[in-house]
Each structure stands twice: as C-alpha cells, then as structure tokens.
Amino acid sequence: MTTPPRVTLHGYQHSIYSWAVRLALSEKGVDWDWAEVDPFAEPERAARRHPFAKVPVLVHGAFSVFETVAILQYVDEAFDGPALQPTEPQARARMRQVQAIADAYAYWPMVRLLYAQRVFRPRHGEEVDRAIARDGLSQSRPVLDALEALTGEGPYFGGETPTLADLHLAPIVAAFAEAPEGGALLAGRRRLKAWLAAMQARPAFVATRPW
Ligand SMILES: N[C@@H](CCC(=O)N[C@@H](CS)C(=O)NCC(=O)O)C(=O)O
C-alpha cells in the first residue's frame, strides 16, 4: 500500500490569506504540515516557491500551487469531505464574485491599511500611521456595502453551508473588525455582521485563527 502524499502549507503565522487556506483544510478535515515563511522578513525565501515572494503556497506531493483562489479550489476538489462549491452556475458565479471582491477590493484597505495600522503594528510595538488607517477605513466603506448587498437569506453567502467565498473572505473581515473603527463600520451592515458571527462560531474558524 502506498502512503498518500503529505500536504504542506507554506505560510506566515499572521497571514490572512494563509488563514483562509487553513480554514478550508480544516473544514475539509485534511491533515496538513505547516512551513513557516515570513514573506516580509525573508522575501528571498518566499520567492523560492512563489514568483511574487508571497504566501500561501500549498504543496501536495510533487504538486505546488499558489494564489489563494486556486489553492482553495484545489483543496475542495482534491480531498474528501464536505463540498465547498455549489454546482449550479449562478451560485458558482456568486461564490467567485465574492472571492474576486475579497482579492481585488477588500484585502488591501481592510487588512493592509486598517488592520495593520490599528491592530497588528500596535500589538507588535511598531510605529503607527493614523492617516493610513483613515484611508483604509474610507476605502473599506464601498466594499462593505457591496458585500452587504450580496449576502443572502442563509447564514452564509451561498445559503445554508459555507462555500469557498465564505472561507476566502472571513479572515479579511474578521481582521478588519478587530480594529475598533472597523467593528463600528461593520455594525452598520446588519447581514454582513451576522455572517461574520456565523463564521466566527465555526469550530474550523476557532481552531485556525492566528490571534
Ligand atoms: N494574490 C495572493 C495574495 C497573497 C498575499 O498578499 N499574501 C500576503 C500575506 S497575507 C503576502 O505574502 N505579502 C507579502 C508582501 O506583500 O510582500 C493570493 O491570493 O494568495
């Protein structure tokens, strides 16, 4: 009998995208090994597996994949466990739409501008720039509005069970809500706030959160 190849996630402990992958692996019930790479402190090391010197990178046997959207799809399709993607075309389009919003519009202002300045840097004794935080907050407003408009009736974006959209987005919004101004802005979006609470209550979320 051959041993199945191991899954190794090359990520950074504080990385929001690495958290999204851990969340998906955990929801699927996949066992993984962790390889810590700090892309900010050791960009040349990160560049050995990622042409843009970022994390996460998932390695499964001889196969290596970067870009969270691709990693999440691979995790869902390569392993047993609950399906994390709908089959119906419109539901699939909505899922990808939320993932694309997470990457293109949410991550930078919500995480790299607001969360970094208001939570991460003070927590690590690093200098803070309040103007950057303010900029992040104002750029986050239309993103929250767009996401609020895309929430549905169920607790998750796709209905009764989480999909890749929820797993991709939850770490970003959770980090944003850690900042007092972020939490206050989120409180004005009732459905999105309830969605985050549903995600935060999931055992996989609790088991994988970095703080
Ligand atoms: N598009 C990439 C983004 C990954 C990304 O930005 N990762 C951050 C950590 S959360 C990173 O490695 N940043 C290093 C840098 O920007 O130099 C993905 O979806 O995986």
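For ligands, and for the atoms within them, numbers begin at 1 and follow the listed sequence. Heavy-atom basis, side chains included; hydrogens, waters and symmetry copies ignored.
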Expected rows: ligand 1 N/O, protein N/O, dist below 3.5 Å:
{"unit_1": "ligand 1", "atom_1": "1 (N)", "unit_2": "Glu67", "atom_2": "OE1", "d": "2.8"}
{"unit_1": "ligand 1", "atom_1": "1 (N)", "unit_2": "Glu67", "atom_2": "OE2", "d": "3.3"}
{"unit_1": "ligand 1", "atom_1": "7 (N)", "unit_2": "Val55", "atom_2": "O", "d": "2.8"}
{"unit_1": "ligand 1", "atom_1": "12 (O)", "unit_2": "Val55", "atom_2": "N", "d": "3.0"}
{"unit_1": "ligand 1", "atom_1": "16 (O)", "unit_2": "Lys54", "atom_2": "NZ", "d": "2.9"}
{"unit_1": "ligand 1", "atom_1": "16 (O)", "unit_2": "Arg112", "atom_2": "NH1", "d": "3.4"}
{"unit_1": "ligand 1", "atom_1": "19 (O)", "unit_2": "Thr68", "atom_2": "N", "d": "3.1"}
{"unit_1": "ligand 1", "atom_1": "19 (O)", "unit_2": "Thr68", "atom_2": "OG1", "d": "3.3"}
{"unit_1": "ligand 1", "atom_1": "20 (O)", "unit_2": "Thr68", "atom_2": "N", "d": "3.1"}
{"unit_1": "ligand 1", "atom_1": "20 (O)", "unit_2": "Thr68", "atom_2": "OG1", "d": "2.8"}

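- Of the residues Leu147, Val173, Asp145, Leu196, the one that meets the side chain to side chain contact (heavy atoms under 4.5 Å, CB included) test with Arg189 is Asp145.
- One N or O on the side chain of Glu42 and one on the backbone of Asp38 form a donor-acceptor pair closer than 3.5 Å.
- Checked by atom type and distance alone, the side chain of Gln13 never pairs as donor or acceptor with a backbone atom of Pro210 at under 3.5 Å.
- Taking the six-membered ring wherever Trp is involved, the centroid distance between the rings of Phe79 and His60 falls below 6.0 Å.
- Under the 6.0 Å cut-off for aromatic ring centres, His50 and His10 do not qualify, their centroids lying 6.0 Å or more apart.
- In this structure, the separation between CZ on Arg130 and CD on Gln117 is 10.0 Å, given to the nearest 0.5 Å.
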